[in-house]
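Contents: one structure, followed by commentary.
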2 protein chains.
Amino acid sequence: MKANKTTIKDVALKAGISVTAVSLILNGKGERFSSETKRKVHQAQLELDYYPDYYARGLVGQRNNSIGVVIPNIKNPFFSSLALSIEQAAIPKGYFPQIFSVNGFKENIDYFIEQFASGTQKGLVLAAPGASKEIVDKLSIHNDIPMVLTDQADLNTDDDRVLIAEEKSGKEIAHYLLSLGHKRVAFVIPRKLTMNLVKRFTGYTEAFIEYGLEVSEDLIFRTDFGPEGGVKAAKEIIKTDATAIIAINDDVAMGVFKGLHSLGKSVPGDYSIVGFDDFNLNKYLIPSLTTMAQPIELIGQKIVELMIERIQYPNRPSKRIVLDTKLKIGDSTRQINEGGRVL
Amino acid sequence: MKANKTTIKDVALKAGISVTAVSLILNGKGERFSSETKRKVHQAQLELDYYPDYYARGLVGQRNNSIGVVIPNIKNPFFSSLALSIEQAAIPKGYFPQIFSVNGFKENIDYFIEQFASGTQKGLVLAAPGASKEIVDKLSIHNDIPMVLTDQADLNTDDDRVLIAEEKSGKEIAHYLLSLGHKRVAFVIPRKLTMNLVKRFTGYTEAFIEYGLEVSEDLIFRTDFGPEGGVKAAKEIIKTDATAIIAINDDVAMGVFKGLHSLGKSVPGDYSIVGFDDFNLNKYLIPSLTTMAQPIELIGQKIVELMIERIQYPNRPSKRIVLDTKLKIGDSTRQINEGGRVL
DNA sequence: AAACAGTAGTAAAACGGTTTACCAAATACG
DNA sequence: CGTATTTGGTAAACCGTTTTACTACTGTTT
């Protein structure tokens, strides 16, 4: 038979004082009580190993301090790093992020929406591009709840956003490859294009136009997210005359790399590869990947900053912060000569 | 001015029926009500966009369905994969894991203990070897709460555990390297040895003894977790006559690999490397790493299985499940000839 | 026709805290 | 010395659900 849960009443009884007093004292609002009384309360709490019930406490004082963070896939190092950076920024401020990794589970989204709609979280960070739309729609009625998005889509919400300069990033990557002499560049992109990818792609294209070149349709490869997708794409790419490859993220880039390798091609000998994200294992790859690094830590910090502002001043006008990325040149890219493939 | 939260009363009012009826109907226990009434309730819910308050609901019916999962580091692919596999096993059964990544934050542990002690979770999975001891101690009084550990330590608790055959694994790795002709094998281990590592190490040693060899102290390298630790270790290892390296996990192995590479050494040419864990990016590394694969999915499944059993039958005797690992031979190891380094 | 069983519904008591409003005794003030 | 204020404390309302224990009514048996 289980012992009944120890409640505040038990503490009050043990300390020989009222429930009110116990509550106030344990919440640091007990200035008015004598230090002797306080001592007895703390003593009783310790002896009974009392912890206030989370639900009861949440029910009355609406002050919970947890913020929900929705990410698409916990296994993608970019998102797990982002989750960590949000955590690191939030905890010192007294907020505790709760990670929801959607992972393609329908139930997951439902569960999280329910959780959120029922008032568990004080705010919501949606770091799941694409999935956002659906979620934002479902939650749109609750628009008095602070949200921060990392979504470029033109959603008709006035939520705060932390974004990266997608177009500029795309352009910079393309410029870099073009400056190395690559003219035939393959793009490996996902089947479903989210808004940020469209923008990034626009940037790529602009760079080509500035060089008097154009992006040819036959060098665009649509595949799945994740390394498997990259492996598949590699098989197609070697049938073309491409000399460089831009992957939608490092995860995919790794797959392309592996795919090329097992087809007997070398990097950067036969192909230059550029990734995107700079997840944390990147610098340990051999050869290391040239990639457009997202400022993950900064993104996390800004997200938390906006979130806290918004919680404190619910009616302040919405903000949109755009952060710059940084090209990190690794060993996966190299100059090629005018004529063709080999330097 | 914010609109007041819509409560069950509003729904009842709108539907012209009692609060009880609304509650029962919305929880699928309203068989006895006429379908017309049900319709009205659902209608009202929809129109008012009503979601039951999480706290109120939690307060009364103690049936929340969330289980806490504590992992040491969300960035380590092994643990993020484990978290995912727990999620995949739990959700179909109607339980929702909540991930707490400790990440070395003292506040994190405190927060989570408070959360847990205050009854938020129905059960607790401690997948944080080493940290467990402290936590288990603090929570020991609440020993009526279902816990599943993945800790080899001889804690005096009767909690369920899901473990891997550490000693056997260690032995198998060593046997494999010995069978390839390696006699001088370096070990890269963390500074702080948890119980599982001690056991694994025992296995290594046994294999050496069976071969009439012994593990020499000067080939044991203690370093930090993570790839950085591996890089550091590599610098020391090349000063020795080791021909093979066993790393405590794949994360570290990658670092060793990178370190050797930047010191002009090749793998498996100069050194064979074996890792542990088999995190999900492993097969995309070049060369792919020989590693002792943990059955991550199965671990997740067993954890959830035990947890649910324990929730349903709190008094059943505790179980301890030991799972086998599997050596996955990659391209990072090779045979060497009797004499010395080169085949 | 009396007893019985459904049927469709409700009022009120929990759940475990926090907070508001109030009080009695002790002390300070003029 | 009578009144005002401070000190140390409490009783009770409330938060939004779920659940228990009724009730009134309508058929159905025997």
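In what follows, every chain begins at residue 1, and chains take the letters A, B, ... in the order their sequences are listed.
Remark: C1' of D/dC15 and NZ of B/K9 are 9 Å apart, rounded to the nearest angstrom. Distance CD (B/E36) to P (C/dT7): 19 Å, rounded to an integer number of Å. In this entry the distance linking OH of A/Y51 with C1' of C/dG16 reads 17 Å, nearest Å. Atom OH in A/Y55 sits roughly 13 Å away from atom C1' in C/dC15 (whole-Å rounding). The separation between A/D53 atom CG and D/dT17 atom C1' is 14 Å, rounded to whole Å. C/dT19 atom C1' lies 15 Å from atom CD1 of A/I25, rounded to whole Å. Rounded to a whole Å, the CG atom of B/L26 is 13 Å from the C1' atom of D/dG16. A/L59 has its CG atom 9 Å from the P atom of D/dT17, to the nearest Å.
One finds a side-chain N or O of B/K29 lying less than 4.0 angstrom from the OP1 or OP2 phosphate oxygen of D/dT19. At the phosphate of C/dT18, OP1 or OP2 sits under 4.0 Å from a side-chain N or O atom of A/R57. Phosphate proximity of D/dG16 to B/T7: absent, as no side-chain N or O sits under 4.0 Å from OP1 or OP2. When the side-chain nitrogen and oxygen atoms of A/Y54 are compared with OP1 and OP2 of C/dT18, none of them lie within a distance under 4.0 Å. Contact annotation: B/T20 side-chain N/O to C/dG9 OP1/OP2 distance is not under 4.0 Å.
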A/R320/A/D159 under salt bridge (charged side-chain N to carboxylate O under 4.0 Å, His left out): CA gap, chis, key distance, verdict: CA-CA 9 Å; A/R320 182 173 290 230; A/D159 300 300; over 6 Å; no
Stepwise side chain to side chain contact (heavy atoms under 4.5 Å, CB included) test for B/D49 and B/T6: CA-CA 8 Å; B/D49 191 51; B/T6 51; 5.9 Å; no
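Each end of the helix from C/dA1-D/dT30 to C/dG30-D/dC1 yields a helix axis from five base pairs, and these two axes differ in direction by 50° (to the nearest 10 degrees).
When only modelled atom types and interatomic distance are considered, B/E305 and B/Q301 share no side-chain donor-acceptor pair under 3.5 Å. The closest side-chain donor-acceptor pair between A/N315 and A/R310, if any, does not fall under 3.5 angstrom. Side-chain atoms of B/S85 and B/E297 form no donor-acceptor pair, as typed in the model, at a separation below 3.5 Å.
Residue order along DNA chain C, read from the 5' end via each residue's closest nucleotide, puts B/L24 first among B/A56 and B/L24.
Salt-bridge formation is detected for the pair A/D53/A/K5: a Lys NZ or Arg NE/NH1/NH2 atom is positioned less than 4.0 Å from an Asp or Glu carboxylate oxygen.
To the nearest 0.5 angstrom, A/L24 atom CG is 11.0 Å from A/K38 atom NZ.
In this structure, of D/dG9, D/dT10, C/dC15, it is D/dT10 that holds the atom nearest to the side chain of A/S18. Among the nucleotides C/dA14, C/dT10, C/dA21, the one closest to any side-chain atom of A/R32 is C/dA21. Among C/dG16, D/dT10, D/dT18, the nucleotide with an atom closest to any side-chain atom of A/I17 is D/dT10.
At the heavy-atom level, B/S23 lies under 4.0 Å from base atoms of the strands shown.
Using cut-offs of 30° and 60° on the angle between ring planes, the pair B/Y54 and A/Y54 is perpendicular.
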